[in-house]
Amino acid sequence: MRAQGKNVLTFAAGEPDFNTPEEICEAAIRAIKEGKTKYTPSAGIPALREAIAAKVTQETGWQVAPNQVVTSTGAKQALYNTFQLLLDAGDEVILLAPYWMTYRDQVELAGGVPVVVKASREDRYIPNPDQVRAAITPRTRAIVINTPSNPTGAVIPREILTQLVEIAVQHNLWIVSDEIYDKLVYDGEHTSVASLGEEVQRRTILINGVSKTYAMTGWRLGYLVAPPQVAQAASNFQDQVTSNPSSVTQYAALAALKMDMSGVTAMREEFHARRDLIVQGLAEVPGFQIDLPGGAFYAFVDAHERLGSRTDVEIADFLLEKAEVALVPGSVFEGDGCLRLSYAASRADILEGVRRIQCAMKEWN
Ligand SMILES: Cc1ncc(COP(=O)(O)O)c(C=O)c1O
């Protein structure tokens, strides 16, 4: 539509609209000029693995050694490695819906079977531990936890996380904890699963990366932190798939992790203001139910009241045609009847996008 000259506003992308901070770019340029352009160890350069281990230890209390860290081409590859290692054919993995759709596909690519436990807006998209317990079978191998969440922005409170990990301990499950949005929390604080004790750390594969925190989505650098034997297996596995993530990117990521946090704080404050703006505007659309999400950069609207006999995909198509606004239908994330809008867009675009949605929805009957 844009190619036809239409002014489409997009709230579909899962990436910050900011540029990567200058300091990080400079570190990458330096790495290139200094010839740091060769293969590195598959799990990453020692300095980066040390910096990640130090960060996780400092933030969670998990005493992580550098050999427990494996860097990859994005958190996506770290997750892919994880499922390939943990799952045999037919092993079940609990996914807490609405969830980031990649989990399902990656579990299936590893021969696993996703078992979905759903939460709705009435639950504020927080998983119910009793329902999780009820979903466990002798084939359950792992549970995936993602807080703050893509697509709902929900931040799982510490008490609920504690109950979820207790279930994992009781049933001898792996905990795959995707914390890629850990620095984008607006109310309260992020709780890492890894801060919940040694019993939990022994079964945790912590996933994170620099994409969202430092506006580095295109650089491709994520990592897993795991017990040593799992990390070693991930490194061996990756060795035969892609080897190391880009050497230049690793130096950029190292600079990001060493950087003073003021740049990240400024981005978070801007996202915070945009969250309030978009949620306020969407809540004014009759039949759109939305609460303030605690983190990430997604607004998740429950549009059930407006569906009638139609679906969220039809609303998304209608808004694209009528309002020239792009967003993602919730059914993509097993959040049927909902709509996901990323507010990684300028305040001006948010105001205009919301205005267009408000107008168009008057014609949706
Ligand atoms: C929940 C979640 N995990 C992981 C990722 C992947 O991040 P990366 O860019 O590091 O591969 C994303 C990206 O959208 C995400 O939303």
Side-chain angles (χ1 to χ4, degrees), residues 10-18 20 24 44 48 52 55 69-84 93-107 109 114 119 125 127 142-156 175-185 190 192-193 204-225 234 238 241-242 244-246 249-250 252-254 256-257 264 267 271 293-300 327-328 330 332-335 340-345:
T10 181
F11 301 96
E15 63 179 344
D17 54 321
F18 306 111
T20 304
I24 298 174
L48 180 58
I52 294 167
K55 166 189 142 70
V69 177
V70 178
T71 68
S72 295
T73 303
K76 203 173 226 177
Q77 188 182 21
L79 282 162
Y80 182 80
N81 290 347
T82 299
F83 294 124
Q84 290 290 324
V93 177
I94 296 190
L95 300 182
L96 305 170
Y99 58 79
W100 186 46
M101 60 284 189
T102 294
Y103 302 140
R104 166 175 288 276
D105 289 342
Q106 291 196 346
V107 165
L109 283 166
Y125 305 110
I143 176 167
V144 179
I145 296 176
N146 172 218
T147 178
S149 153
N150 175 8
T152 65
V155 173
I156 305 180
I175 302 161
V176 180
S177 184
D178 181 347
E179 304 184 18
I180 194 102
Y181 296 100
D182 65 343
K183 293 288 178 285
L184 296 176
V185 174
H190 170 70
S192 171
V193 158
T204 292
I205 291 98
L206 176 68
I207 307 285
N208 208 330
V210 296
S211 288
K212 317 285 177 173
T213 306
Y214 301 99
M216 291 178 73
T217 45
W219 296 77
R220 312 309 300 130
L221 198 290
Y223 55 84
L224 63 73
V225 179
Q238 185 169 289
V241 184
T242 52
N244 59 277
S246 150
T249 288
Q250 290 185 57
L254 181 59
L257 292 174
V264 173
M267 279 192 261
F271 279 134
F297 41 63
Y298 304 105
F300 203 65
L327 44 77
V328 185
V332 167
F333 315 100
E334 286 205 48
R340 190 197 78 171
L341 290 91
S342 157
Y343 49 86

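Just follow the structure's listing: the first ligand is 1, and inside any ligand the first atom is 1. Numbers here simply count residues along the sequence, with the first being 1.
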> Would you check, one step at a time, whether the test salt bridge (Lys or Arg N to Asp or Glu O under 4.0 Å) holds for D182 with K55?
CA-CA 12 Å; D182 65 343; K55 166 189 142 70; 3.6 Å; yes
> Just verifying a value: how many Å separate T147 OG1 and I145 CD1, rounded to the nearest 0.5 Å?
9.0 Å
> Please work out whether the ring planes of Y103 and Y99 are parallel, tilted or perpendicular, with thresholds of 30° and 60°.
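Tilted: the ring planes of Y103 and Y99 meet at 30° to 60°.
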> For ligand 1, run through the N/O pairs with the protein that fall under 3.5 Å and put one pair on each line.
{"residue": "ligand 1", "atom": "3 (N)", "partner": "D178", "partner atom": "OD2", "Å": "2.6"}
{"residue": "ligand 1", "atom": "9 (O)", "partner": "S211", "partner atom": "OG", "Å": "2.8"}
{"residue": "ligand 1", "atom": "9 (O)", "partner": "R220", "partner atom": "NH1", "Å": "2.7"}
{"residue": "ligand 1", "atom": "10 (O)", "partner": "A75", "partner atom": "N", "Å": "2.7"}
{"residue": "ligand 1", "atom": "10 (O)", "partner": "S211", "partner atom": "OG", "Å": "3.1"}
{"residue": "ligand 1", "atom": "11 (O)", "partner": "A75", "partner atom": "N", "Å": "3.1"}
{"residue": "ligand 1", "atom": "11 (O)", "partner": "K76", "partner atom": "N", "Å": "3.0"}
{"residue": "ligand 1", "atom": "11 (O)", "partner": "R220", "partner atom": "NH2", "Å": "2.7"}
{"residue": "ligand 1", "atom": "14 (O)", "partner": "K212", "partner atom": "NZ", "Å": "2.6"}
{"residue": "ligand 1", "atom": "16 (O)", "partner": "N150", "partner atom": "ND2", "Å": "2.8"}
{"residue": "ligand 1", "atom": "16 (O)", "partner": "Y181", "partner atom": "OH", "Å": "2.8"}

> Check whether the ring centres of F271 and F297 lie less than 6.0 Å apart, and answer yes or no.
yes
> Between Y214 and F18, does the ring centroid distance fall short of 6.0 Å?
no
> Answer yes if the ring centres of Y125 and F300 are under 6.0 angstrom apart, and no otherwise.
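That pair passes the under 6.0 Å test.
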